[in-house]
2 protein chains.
Amino acid sequence: MLAHELDARKHQILWAVIQEYVARAEPVASEALCHRYGLGVSAATIRLGMHALTEMGYLYQPHTSAGRVPTDRAYRLYVDRLMAGQVPPPEDHRLTPAERERIRRRMQAKDHAEDALEEAAHTLAALTDYPSVASTPGGPRRLRHLHLIPLADDRALLVVVAEGASEQRVVRLQRPATEEELRQVSQVLTRALRGLPLSEITEAVAQQAAAALPGRQELVNAVLAQLRRHGGVRAGVRFFVDGVSNILKQPEFQDVHRARPVLAALDREETLRDVLLPAPCDVHVRIGRENPVDGMWGCSVVAAAYRVRGRPAGVVGVVGPTRMPYARTIALVRYLAQTLSHTLSRTV
Amino acid sequence: MLAHELDARKHQILWAVIQEYVARAEPVASEALCHRYGLGVSAATIRLGMHALTEMGYLYQPHTSAGRVPTDRAYRLYVDRLMAGQVPPPEDHRLTPAERERIRRRMQAKDHAEDALEEAAHTLAALTDYPSVASTPGGPRRLRHLHLIPLADDRALLVVVAEGASEQRVVRLQRPATEEELRQVSQVLTRALRGLPLSEITEAVAQQAAAALPGRQELVNAVLAQLRRHGGVRAGVRFFVDGVSNILKQPEFQDVHRARPVLAALDREETLRDVLLPAPCDVHVRIGRENPVDGMWGCSVVAAAYRVRGRPAGVVGVVGPTRMPYARTIALVRYLAQTLSHTLSRTV
DNA sequence: GCTAGCACTCTCGCGCTCCGAGTGCTAAGC
DNA sequence: GCTTAGCACTCGGAGCGCGAGAGTGCTAGC
């Protein structure tokens, strides 16, 4: 069962079966290939090839008198070849300049990171017709600013500006603080902690910083507690999901029992994390059983990392059936990640 | 077809049919009522009542030899009586002190408005097993603070603290500004605009404020532009949705064609808005066709406004089949709105 | 006014047959 | 030796009819 046993004709046949199955979602017959694809041989010969491909695990036959369906292994081979440039993407799978332009225009209006991510998921869902996800930037972000803003006597707003994202939290004050006092605490802490990855802001580091702030120990502790939560396991990563109901348009998910696990996985942050991460460098494709989440077998995930100022920050991607126009999906996801990188590097 | 034609026995029968149908999701037969509910009369007599209720539009008969199913009208009557206290809620629909306690504990740990809303949707989904939604506070919120924080030479972070929520936006600077300068602009604008509803911060008001800031016209304009967007039509209302896939557990949504419109409505912000808003005072129930969004017929929405410092701010609610344990759902939604009001009033 | 009895209706599930699509194999041809 | 035409074979799916069962509506009697 070595993948290398595929000669030129078998490749031709396999690609044709994939293309045909992607388009029609029904087992592909030898006749259909014969007179829709110029393979130059008769249906009988194609049958021989299909038979061999079935034995090799690239095709699957639902029952004796049915056509063939590509297996995960077939898609994997196809995608590998595609990404290595050894297979030309079908004409209509390329992104036209007009499409690129439309995507760019939709994205560039957003001057708020979360809006941009939401728009990215939305655009991807609209263009692929699959559920789409964009994660907020995560990973070891470095702190840039801390600001405490007075809200009331017993609480203040802590604004944390980090690379790629900023967030705000409420901190409680055990005793009132003036605006001036808060400003001073912010300044001292910012100076001490700037440039540190949020996850590395430990007690020790901060205590040192707090030395310059006698009498405000509890406030410093409160700020620290928030920072730790912010930069901890959860790391503030959130997901924008769009077009979830699109999955129900796909013929393979007409059965609720097949669709529900997928929707359930898209519902929960923990599984979403597993599905999309770890963030790949370029585009990453997970086909069928390659997915870590049970019940997502039958799905493929195409995801790409976007970058903020050069560093991988978060992920955008789509979840669709394994029967998917990979060339086009990959091109779209890749381009969206690029555009998003660009947009976000201007933002925050 | 006057609703008042219902005598005591018809009421009894109707409530029993509803309860039985909610529990079993199958047309209810007269026999079943007879020996599962102590109505004190025979099946034949119950049949007479059911026949009459069918003619009056409270029950529906899928086919001649089938049992009865409650109509929207029946649920409406039931819910009206329930909320007026004229029908006692079934025993097991009441919230136990233990449940209340659990809800309160889950919610009170959240010190960030968005976390609290997310948790509210999550809790509601977990307890009802229906898709659940929580909206961020909207409406005419009054400004409390403006803060500009330097990010880089060409941009600053604008933190807008308003009643019930705070947000942050990036503003571009046409020329660099020092931290001190930004602080000054923030102070002047805050002093001038504090207390105004975001939607009423017009050009004129702000120009007046800006008079004190010669040479920073463009910065003031940039801030204004952001405020206007922030407080405009979209008003920054966002939705946290949880448990979407739960709808597929319901027997009435085993058919994808019935489920998809519902999921699609939950996907899109515009329809969500229509589904949940306008924010009602206490709990508001929309049954079947009462829903403004086509394709949500067959669903009921139970929603309640939560308040921030006494004013209605946003909404939490669930979307389920019309066949729903209304007493319990209403109690849950109501209690969650209360808890959320409490949590958010401490936050921001 | 209530109830027992009974005929009637309609759905659902089962088994049956038939049709057609598509294969695998074989034997002949280039 | 690879390719191809021809053909038998297999299997799923649609369509049909039937019987069982559930549940009603009606009527006659209490």
Side-chain angles (χ1 to χ4, degrees), chain A residues 5-14 16-21 23-71 74 251-252 254-255, chain B residues 5-14 16-21 23-71 74 251-252 254-255:
Chain A
E5 291 168 13
L6 297 190
D7 57 27
R9 169 163 310 150
K10 292 212 181 62
H11 272 129
Q12 275 191 312
I13 294 175
L14 190 53
V17 171
I18 290 176
Q19 192 172 335
E20 190 69 6
Y21 185 67
R24 311 201 179 234
E26 275 170 12
V28 180
S30 53
E31 297 272 9
L33 289 193
C34 187
H35 59 69
R36 264 199 283 272
Y37 296 78
L39 300 184
V41 287
S42 77
T45 308
I46 293 176
R47 275 205 288 281
L48 290 179
M50 287 168 87
H51 187 82
L53 286 166
T54 306
E55 299 240 298
M56 287 188 261
Y58 291 104
L59 294 178
Y60 162 75
Q61 196 171 19
H63 58 88
T64 330
S65 71
R68 299 307 210 286
V69 172
T71 61
E252 35 271 270
Q254 289 309 322
D255 180 2
Chain B
E5 291 167 13
L6 297 191
D7 57 28
R9 169 163 310 148
K10 292 212 181 62
H11 271 130
Q12 275 191 310
I13 294 175
L14 190 53
V17 171
I18 289 176
Q19 194 173 331
E20 190 69 5
Y21 185 67
R24 311 201 180 236
E26 275 170 12
V28 180
S30 52
E31 298 271 9
L33 290 195
C34 189
H35 58 72
R36 262 199 283 272
Y37 296 78
L39 299 183
V41 287
S42 77
T45 308
I46 292 175
R47 277 208 285 282
L48 291 179
M50 287 168 85
H51 187 83
L53 285 165
T54 306
E55 299 241 299
M56 287 188 262
Y58 290 103
L59 294 178
Y60 163 75
Q61 197 172 19
H63 57 88
T64 332
S65 71
R68 301 306 211 286
V69 171
T71 61
E252 35 272 270
Q254 290 308 319
D255 181 3

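This is a predicted model, so every value here is computed, not measured. Labels below follow one simple rule: chain letters A, B, ... track the order of the sequence lines, proteins then strands, and each chain is numbered from 1.
Both A:Met50 and B:Ile46 sit near DNA chain C, but only B:Ile46 has its closest nucleotide nearer the 5' end. Along DNA chain C, the nucleotide nearest A:Arg68 and the nucleotide nearest B:Arg47 are compared for position; the residue whose nucleotide lies closer to the 5' end is B:Arg47.
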Worked verdict on A:Tyr58 versus A:Lys10 for side chain to side chain contact (heavy atoms under 4.5 Å, CB included): CA-CA 10 Å; A:Tyr58 291 104; A:Lys10 292 212 181 62; over 6 Å; no

- request: Could you go through the side chain to side chain contact (heavy atoms under 4.5 Å, CB included) check for B:Leu14 and B:Leu59 one step at a time?
  value: CA-CA 8 Å; B:Leu14 190 53; B:Leu59 294 178; 3.8 Å; yes

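Residue A:His63 places no side-chain N or O under 4.0 Å from the OP1 or OP2 atom of D:dT10. The shortest distance between the side-chain N/O atoms of A:Ser65 and the OP1/OP2 oxygens of D:dG12 is not below 4.0 Å.
As a whole-Å value, the separation of B:Leu39 CG from C:dC2 P is 13 Å. Put simply, NE2 on B:His35 is 13 Å from C1' on D:dA22, counting in whole angstrom units. Summarising the geometry, the separation between CG on A:Leu53 and C1' on C:dG24 is reported as 16 Å, rounded to the nearest angstrom. Distance A:Arg9 CZ to D:dC2 P: 10 Å, rounded to the nearest Å. C:dA21 atom C1' lies 10 Å from atom CD of A:Glu31, rounded to whole Å. We find that OH of A:Tyr60 is positioned 15 Å from C1' of C:dT23, with the value rounded to whole Å. Atom-to-atom, CG of B:Leu48 to C1' of C:dG5 comes out at 14 Å; the value is rounded to the nearest Å. Per the geometry, CD1 belonging to A:Ile13 stands 14 Å off C1' belonging to D:dC2, to the nearest Å.
In terms of modelled atom types and a separation under 3.5 Å, the side chain of B:Thr71 and the main chain of B:Gly57 share a donor-acceptor contact.
Contacts of A:Gln61 with the nucleic acid, taken as non-hydrogen atoms under 4.0 Å apart, involve only primed sugar atoms and P, OP1 or OP2.
Here the closest heavy-atom approach between residue B:Pro62 and residue B:Gly67 is recorded as CD-O, 3.4 Å.
The base of D:dC11 has none of its N or O atoms less than 3.5 Å from a complementary donor or acceptor on the side chain of A:Thr64.
Across C:dA4, C:dT23, C:dG24, the shortest atom-to-atom separation from the side chain of A:His51 is found for C:dG24.
Distance check: B:Asp7 CG to B:Gln12 CD gives 9.5 Å after rounding to the nearest 0.5 Å.
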